[in-house]
Every structure is written in C-alpha cells, then in structure tokens.
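Notes to accompany the following structure.
As the structure lists them, so they are numbered: ligands from 1, and atoms in each ligand from 1. Here the structure is a predicted model, which means the values were calculated and not measured.
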Amino acid sequence: MSQGVIPLSLKDAPALIERLLPVQKLSAEAYKEQMAVQGKTLTALGSYWKGRKPLILNKACILGCLLPATDSPAHDLAIFEKLMAMDDESFVARGRYRPKPREILAKLSIAHMTDYFTVEPEGVLPAAAPLDWSDPTYEGVKVAWRSDVNEMGRRRLEAQMLPRATYRERVDQAQRPEEVSNSVDVHIWDAVNAHLGTSAQSFGELVEQLGIMRFGHRPRVADTFCGSGQIPFEAARLGCDVYASDLNPVACMLTWGAFNIVGGSERSRETLARDQQELVRRVQAE
Ligand SMILES: C[S@@+](CC[C@H](N)C(=O)[O-])C[C@H]1O[C@@H](n2cnc3c(N)ncnc32)[C@H](O)[C@@H]1O
C-alpha cells in the first residue's frame, strides 16, 4: 500500500466491495439490528417506516466503496472486519461481561502469568496457568491486571476466552457495535493505518483520509431516495459530507429528525424540547 495520505493515490484503485464482502457475517449483524425494534438508533422517529436499510449494512457499503482492494485479499478482509467490529478483540469489547483475572487464570494456558498479572503475595502461585483455585494454598491470593498491559493486550488475551460458537451465535450474545462505539475500535488503528498508509485514530479521520486518497477531498454521499434517512445518517456518522432528498415529505421530515434530533447536539435537543413544550402550551391555551 501507499505510504502516507497522497491525494488521488487511490483514484484508480478497485474498491474492496468490488472484490469481497463478508455477507454472511453482515447478514447476522443486520438481522440483530433489525430485531432490536425500539432499541434501534433511529426508530424513535417513526417505527412505521418499513423500508429501513440497516445502519451496519450502510456502514459496510460505504467503507467497502472507500477501501481499496489490494493484492492481499485475506489482509483486506481482516482490516475490513476490524473496522466493522467483527474481529475477536472487538467481540471482547462487545461482550456484556469481561472475565476477571482469576477466571482467565483458571481457563487459559499462560506460560508466565506475571507477563499479564500482578500476584499478591508473590511466590504462592506457580508461574504458569491454568490454575485450580480450589487449591487451599491459593486462598487469599490476589491477582490483577498489570498496569502496563494496555487494552489491546487485555483484549488479545480475553479473546481466547470467547466461547466456540458460530458467528450468528456470537452476534446473538454480543452488543451491537454502535452500542459500544466509544470504545470498540481502540485496538484497531495501528493495524488499519499500517495496511492503508493512513494515520487515523477515528472513523472520521479514516474516512477523510481515504476520501483525499480516492477523490481529493472528504467523501460526499448523496441519497436522493433517502426514506427514513438511514443511509445519510450512517454516512454522516462515519464522517462523510452528505446530501439527502426524497419525493415524500414524511421521509424528508424523518431524515431531518435523524440529523437534528437523534444526531443533534445536547443543546439543540434541549432547544427542541423547550419549543415542543411551548407549542403544546399554546395549543392547549386556544
Ligand atoms: C425503499 S425507500 C428508501 C428507504 C431508505 N433507504 C431507508 O433506509 O429508510 C424508497 C424511497 O424512495 C422515494 N422515492 C420513490 N420514487 C422517488 C422519486 N421519483 N424521487 C424521489 N424519491 C422517490 C420514496 O418516497 C421512498 O421514501
């Protein structure tokens, strides 16, 4: 891959979506999102709107259009799955429960447990795990993560604790990526940047840099059949500039609401809530 963000360096590069897309995994993710019903991000604005395109699918399509297909499809797929929170370490973050050090030491084979954990008092536990905590000589021993093991290191180890399961079963048990969006991607950026020649630490930065490499500017997404606004909403959330329109005024209203209510700032939501109360007060006074 190219070194650094060079404008138009990906101008003629084939897009990933032309070569590969993990549709079975995407299907499992999209199904989970659709089944979330009122837990979906935009449904509060009009659950009767039936033709919604799942946000996770929109994300996959946008990234698939921006990312280049290189001569290493396996690597391309691994990076795409990291960006989609489909990799093992992301599933650790998507889990509803993170295992405690004692649980990890009871289950995993670790040659030197002090590579990861502090043990107090020292010298009571053997060097290697797994351990049988029912051994009475281990009573009162405290284990904790070493402070210099970063989140990536923890996730790598905890990923070995993930149950053997099909992808669909895994997704069933996990939270949706957007439910943990503030932390799920913290481990991915070194690998993503090394593969793409970017220097991103967030989706906004990545999308902007890929846009410069592909088009010379931040990507623009236009949806002239925007319906409930799912496609432009996800495009904007990823960091694209977006344009949306529709023949149906209800669709336009829902899309406006997606951007200005669900996606609006705390302040604009407060203003809107005040305006709504004022409207109700005036109508009732009539
Ligand atoms: C299947 S819906 C789009 C759903 C949307 N992608 C979503 O996720 O909610 C198709 C939309 O196209 C709009 N539409 C149909 N014909 C159109 C036209 N000629 N010009 C503009 N919009 C049109 C409809 O009003 C409808 O909102």
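In this structure, the side chain of E18 engages the main chain of A15 through a donor-acceptor pair within 3.5 Å. Counting only distance, with no hydrogens or angles, the side chain of R214 and the backbone of L66 share a donor-acceptor pair below 3.5 Å.
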Are any protein N/O atoms closer than 3.5 Å to the N/O atoms of ligand 1? If there are, list each pair with names and the distance to one decimal place.
| unit_1 | atom_1 | unit_2 | atom_2 | d |
| --- | --- | --- | --- | --- |
| ligand 1 | 8 (O) | K53 | N | 2.8 |
| ligand 1 | 9 (O) | W49 | NE1 | 3.4 |
| ligand 1 | 9 (O) | S228 | N | 3.0 |
| ligand 1 | 9 (O) | S228 | OG | 2.6 |
| ligand 1 | 22 (N) | L247 | N | 3.2 |
| ligand 1 | 25 (O) | D246 | OD1 | 2.6 |
| ligand 1 | 27 (O) | D246 | OD1 | 3.3 |
| ligand 1 | 27 (O) | D246 | OD2 | 2.7 |

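A side-chain donor from one of E29 and Y167 sits under 3.5 Å from a side-chain acceptor of the other. A donor and an acceptor atom, one from each side chain of H187 and D87, are located under 3.5 Å apart.
W189 and F203 have perpendicular rings, their planes meeting at more than 60° on a 0 to 90° scale where under 30° would count as parallel.
The side chain to side chain contact (heavy atoms under 4.5 Å, CB included) search around N260 returns W256, not counting sequence neighbours.
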